[in-house]
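Here's the structure, in structure tokens; my notes come after.
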Amino acid sequence: MKKRVGILTSGGDCPGLNATIRGAAKALYQRFGSDVEIIGIQNGYSGLIHGDWREMQQHEFSGILTRGGTILGTKRTPFKMMRVIEDDKIDKVAEMKKTYKNAKLDCLLCLGGNGTHKTANLLSEEGLNIIGLPKTIDNDIYGTDVTFGFHTAVDIATEVLDRIHTTATSHRRCMVVELMGNKAGWLTLYAGIAGGADIILLPELPYNIDNVVEAVLRRAEEGKYFSIVAMAEGCFDIKEAAMKKKERAAKRAENGERTATNRVAMQIEKATGFETRVCVPGHMQRGGSPSPYDRVLATQFGTHAAKLVEADHYGVAVAMKNNIVTENPLKDVAGKTKLVPETCDMLTVARRMGISLG
Ligand code: F6P
């Protein structure tokens, strides 16, 4: 019997999406031969809503292992709006179900992060056969030790910190590097350790600026006249931590601040006398070719999804647990975020190293 397998990529892109698509497609062709049709949905759930899909050819999955971004295109279609009828009067859930039916899909692979998994679970609850695959540079998907895209971003961010180090040393400056991660600090924590940051600030641990200043001054007393601060974009200080989210956002808007990074740099400069500079690598952390680690992980995840299709095992999200590729029920993953816990080994490593966590 023919299998028609849909694939979409949703949310922010990251390296490894194409490698995962390729892993799933190649393994499906291996298992089903000409009995499988792969249907590419364009631009994530938006394509599913608007019926933007096409049958793909086997050769389209070759030559994409190393390619960054996603050959299917992606879009952020917020989960909270999925059941809301907007001005266009479109019933998004009904349309997605209609497209699934029109494309005669047997199942749908949804590659994405937390938002993507929430909608994947919604579709699963609506009776569609769904498999989620965990992508994000933030590494914050519940139930998996790692997501594809994360390690490539760690590599990129580490290179930024390495390069910042040499110029910081030459100029005896304090460099504040803002890394991606709004809620979760995994990327900053790992890159911070790999790149030898002296101060690591995470959204999970509101910082006290006095501690940051003290760390810079202590280093100077030890004869180290430069410092590197790696801070996640979602960081806030202890005063902001005591505020409600809305109040915090209003205060930031009043001060023209998107993140706390520039403020931290200015506060350090004022309190220590060290010249300070800010570096924001931004979307570079999400661009380009996946690292070998992520190519392997993406291939593991993609081929596992193909195995699940063969077993007609749906309503699950692929995951890595203790080095074993497995899957979790979608309903257990949806709506949860894997933040850096206070008990995280890597925080202990940082503390043992004398790295200030603010
Ligand atoms: O979720 C991945 C991520 O890169 C976050 O680290 C960052 O906050 C966000 O996406 C940026 O999103 P956008 O693509 O909308 O700029």
Side-chain angles (χ1 to χ4, degrees), residues 8-18 20 43-46 68-70 72-81 110-120 132-144 146-161 176-192 194-195 200-205 230-236 240 245 248-249 252-253 257-262 278-291 294 297-298 301 317 333-340:
L8 63 78
T9 56
S10 176
D13 72 341
C14 80
L17 281 165
N18 290 327
T20 307
N43 307 322
Y45 292 117
S46 168
T70 159
L72 294 174
T74 188
K75 195 169 174 186
R76 291 192 189 277
T77 315
F79 169 74
K80 63 172 189 254
M81 299 308 286
C110 299
L111 284 60
N114 281 320
T116 304
H117 279 78
K118 281 196 259 183
T119 300
L133 288 117
K135 95 48 262 203
T136 167
I137 67 165
D138 295 345
N139 196 33
D140 60 352
I141 298 183
Y142 182 83
T144 184
V146 67
T147 56
F148 61 86
F150 172 62
H151 277 284
T152 306
V154 170
D155 291 353
I156 299 166
T158 301
E159 174 159 12
V160 170
L161 292 171
V176 183
V177 182
E178 178 186 297
L179 299 175
M180 274 188 163
N182 231 327
K183 291 193 187 130
W186 295 104
L187 174 57
T188 304
L189 181 57
Y190 274 69
I200 297 179
L201 306 181
L202 310 177
E204 293 89 341
L205 302 174
M231 69 183 282
E233 61 181 336
C235 284
F236 41 85
E240 289 178 299
K245 211 173 159 193
R248 192 161 68 225
R252 289 243 175 132
E257 289 179 345
R258 192 187 67 83
T259 67
T261 312
N262 282 309
V278 165
C279 168
V280 185
H283 290 77
M284 255 192 286
Q285 294 161 94
R286 269 182 20 201
S289 191
S291 65
D294 272 333
L297 184 65
F301 281 175
V333 173
K336 293 187 194 142
T337 306
K338 186 187 74 181
L339 299 176
V340 177

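Residue numbers count from 1 along this sequence. Atoms within each ligand, like the ligands themselves, are counted from 1 in listed order.
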Counting each atom of ligand 1 from 1 as listed, which ones have a heavy atom of Gly181 under 4.0 Å away? 6 (O)
With atoms numbered from 1 as shown, which atoms in ligand 1 lie under 4.0 angstrom from a non-hydrogen atom of Asp138? 1 (O), 2 (C), 3 (C), 5 (C), 6 (O)
Determine whether Thr116 and Leu111 satisfy the following criterion, side chain to side chain contact (heavy atoms under 4.5 Å, CB included), listing intermediate values before the conclusion. CA-CA 7 Å; Thr116 304; Leu111 284 60; over 6 Å; no
Sole residue of Thr188, Thr261, Asn262 in side-chain hydrogen bond (donor to acceptor under 3.5 Å, both in side chains) with Glu178: Thr261
Report the part of Leu187 in contact with ligand 1, treating N, CA, C, O as backbone and CB onward as side chain, heavy atoms under 4.0 Å; options are side chain, backbone, both, neither. neither
Not counting sequence neighbours, which residues clear side-chain contact (heavy atoms from CB on, under 4.5 Å) with Glu257? List them please. Arg252, Asn255, Arg263
Specify the protein heavy atom at minimum distance from atom 4 (O) of ligand 1: its residue, its atom name, and the distance to 0.1 Å. Arg286 NH1, 3.0 Å
Do other residues, nucleotides or ligands put more than 12 heavy atoms under 6.0 Å from Phe236 CZ? yes
Atom indices of ligand 1, in the order listed, that fall short of 4.0 Å to a heavy atom of Glu233: 5 (C), 6 (O), 7 (C), 8 (O)
Just one of Thr9, Leu133, Thr70 clears the side chain to side chain contact (heavy atoms under 4.5 Å, CB included) bar with Thr20, so which one? Leu133
Measure from atom 9 (C) of ligand 1 to every heavy atom in Arg76, Lys135, Lys183, His283 and give the option owning the shortest one. Arg76
